[in-house]
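Just so it is clear, the structure is predicted and the values come from calculations on it, not from any experiment.
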Amino acid sequence: MEQHDKKIVLFPKWKEKIEARAFQALRNKQFEEALENLNTLLDYQVSNQEIDIAKLTCLIELGRQREAELLCEELLTKKDDHYFAYVHIYATLLFQANKYEDVAELIEDVFEDENTIPEPYLSQLTTLRSLNSTLLKQQTDQQLTVTLKQLKEAVEKQDDVMQWHLVNHLNDSDISLYNSIFLEMLQDEEVNPIVKTVIISLLQANTYDELIEIVKFSDKMYINPNEFPYMTDHPFYQKIKKELETLEQDNPSLHALADQLLYRYFFVVYPFINEDMDISLLKEAIIYLVSASFMDEEALNQTKIKESLALYIEDLLYYEKVYFSLMKE
């Protein structure tokens, strides 16, 4: 409905008539009619808690969940005397829609200053908080169980892309349910090395404190995720990053590309870090490859590459293909 100029006001009799029609329609459960009259009042800047709650009721009864949520958020911003009533309504609305995470976020934010919550809202929100916590855990456990089943199927089908999406979906989750399949995947030659890197980072984030076996490119090694440095914290990774910093002032664009290539390379090979590599040759190979993207074919053909450098370039190109074989999907 078109918004009327704020300077135009309803005559008291018209206001009373429209209000009466709105609330009579609401009592008769004629929610569309009630909403239309309530919106007319609101268009003329006629607003109070009774009208706001009536509109909210209409939206809920009409199944317009998103609009009801937006209205609740708008009412909360008023921070008026009815704030906690709106919190309770909004929390209940979200709870009934099974949005337990949103309920938890809303209530925990309010409970940061618990002493300011008056009764009966304190008791009501405390009860809702407890019930929501139980159902949120159940919902999370169910989601994790479903994801575990999907991950097992993805491994059986050797679906790298699905595995990638599923393991990334587990960030900030309790992965204890997945420990067994993760350990199997880390030893499975058919699992993409990039997926394995994500699994290692998940184990590290969850402070998994046991020795694990990892197989990549037919090489095998054992690490304790809780003690082994994160990929980007690894001393060798940091050394090469520092070497590349000399590019930053001279050519920021080239430096950004070099930094990204280094990250991709480590993402594929981690935690198999060959610390006997010649850092200067690796740096030179990285710079050569990112510089090549700015060179024409003739200039590239005229560039002479020593054999020792060519080996590093070949390695980087191979691991780039491995990285983008998954990422391009």
Side-chain angles (χ1 to χ4, degrees), residues 1-136 138-140 143:
M1 186 172 290
E2 187 178 339
Q3 180 73 30
H4 294 270
D5 194 304
K6 290 183 180 181
K7 293 180 181 177
I8 301 175
V9 295
L10 283 174
F11 290 113
K13 285 187 179 180
W14 276 105
K15 172 180 169 294
E16 290 170 12
K17 193 172 181 178
I18 296 171
E19 269 193 72
R21 282 205 304 258
F23 286 101
Q24 184 60 51
L26 187 61
R27 284 190 290 273
N28 294 338
K29 298 188 176 182
Q30 297 169 324
F31 301 113
E32 287 282 8
E33 184 183 337
L35 184 60
E36 185 177 343
N37 283 286
L38 291 166
N39 280 333
T40 299
L41 292 169
L42 291 166
D43 284 345
Y44 281 104
Q45 313 304 309
V46 178
S47 177
N48 55 45
Q49 190 203 20
E50 194 176 16
I51 290 172
D52 291 333
I53 297 297
K55 178 174 180 178
L56 194 50
T57 301
C58 290
L59 292 173
I60 293 169
E61 292 294 339
L62 290 168
R64 291 157 69 167
Q65 175 78 18
R66 184 56 187 153
E67 289 177 71
E69 290 178 16
L70 290 172
L71 178 56
C72 283
E73 290 169 11
E74 182 184 326
L75 295 174
L76 288 175
T77 61
K78 292 183 177 182
K79 295 279 186 180
D80 59 17
D81 293 340
H82 309 295
Y83 175 75
F84 291 104
Y86 298 142
V87 168
H88 183 247
I89 293 169
Y90 190 24
T92 303
L93 177 65
L94 293 170
F95 182 80
Q96 290 172 346
N98 301 329
K99 296 185 176 183
Y100 305 127
E101 282 189 37
D102 293 336
V103 175
E105 186 179 340
L106 174 64
I107 292 180
E108 293 310 316
D109 185 53
V110 173
F111 269 76
E112 282 184 6
D113 199 0
E114 187 176 338
N115 295 331
T116 64
I117 308 173
E119 291 291 0
Y121 303 114
L122 178 59
S123 299
Q124 292 170 344
L125 290 172
T126 299
T127 301
L128 185 58
R129 184 191 198 188
S130 176
L131 181 56
N132 184 75
S133 177
T134 301
L135 293 177
L136 176 58
Q138 289 177 3
Q139 186 183 65
T140 303
Q143 289 171 347

Quick one, [X] and [Y] - any side-chain contact, counting heavy atoms below 4.5 Å?
X      : Y      : value
Asn39  : Glu36  : no
Phe84  : Thr116 : yes
Leu42  : Asp52  : yes
Ile117 : Val87  : no
Leu35  : Glu67  : no
Gln65  : Leu93  : yes
Phe111 : Leu122 : yes

Go through the steps for Arg21 and Thr40 under the test side chain to side chain contact (heavy atoms under 4.5 Å, CB included), then give the verdict. CA-CA 11 Å; Arg21 282 205 304 258; Thr40 299; over 6 Å; no
Quick one: do Glu108 and Arg129 satisfy side chain to side chain contact (heavy atoms under 4.5 Å, CB included)? Show the steps, please. CA-CA 8 Å; Glu108 293 310 316; Arg129 184 191 198 188; 2.8 Å; yes
Could you tell me whether the side chain of Gln24 and the main chain of Asn28 form a donor-acceptor pair under 3.5 Å? no
Donor-acceptor pair, side chain of Thr77 and main chain of Glu74, under 3.5 angstrom: yes
Assess whether salt bridge (charged side-chain N to carboxylate O under 4.0 Å, His left out) is satisfied between Glu16 and Lys13, documenting all intermediate values. CA-CA 5 Å; Glu16 290 170 12; Lys13 285 187 179 180; over 6 Å; no
Around atom [atom1] of [X], are there more than 12 heavy atoms from other residues, nucleotides or ligands closer than 6.0 Å?
X      : atom1 : result
Lys17  : NZ    : no
Glu73  : CD    : yes
Glu105 : CD    : no
Asp81  : CG    : no

Side chain to side chain contact (heavy atoms under 4.5 Å, CB included) evaluation trace for Tyr86 with Ile53: CA-CA 9 Å; Tyr86 298 142; Ile53 297 297; 3.7 Å; yes
Taking atom types as modelled, find out whether Tyr100 and Asn98 have a side-chain donor-acceptor pair closer than 3.5 angstrom. yes
Between Thr57 and Glu61: side-chain donor-acceptor atoms closer than 3.5 Å: no
So, for [X] and [Y], which heavy atoms are closest and what is the spacing to 0.1 Å?
X      : Y      : result
Leu26  : Cys58  : CD1-SG, 3.7 Å
Ile18  : Asn37  : CG2-O, 3.5 Å
Ala104 : Leu136 : CB-CD2, 4.1 Å
Lys55  : Leu38  : N-CD1, 3.6 Å
Ala68  : Ile60  : CB-CG1, 4.0 Å
Leu128 : Thr92  : CD2-N, 4.1 Å

Verify side chain to side chain contact (heavy atoms under 4.5 Å, CB included) between Val110 and Tyr83, making sure each step is shown before the conclusion. CA-CA 10 Å; Val110 173; Tyr83 175 75; 4.2 Å; yes
Over 60° means perpendicular and under 30° means parallel, so tell me whether Tyr121 and His88 are parallel, tilted or perpendicular. tilted
Value for CG (Leu56) from CZ (Arg64), rounded to nearest 0.5 Å, stands at 12.0 Å
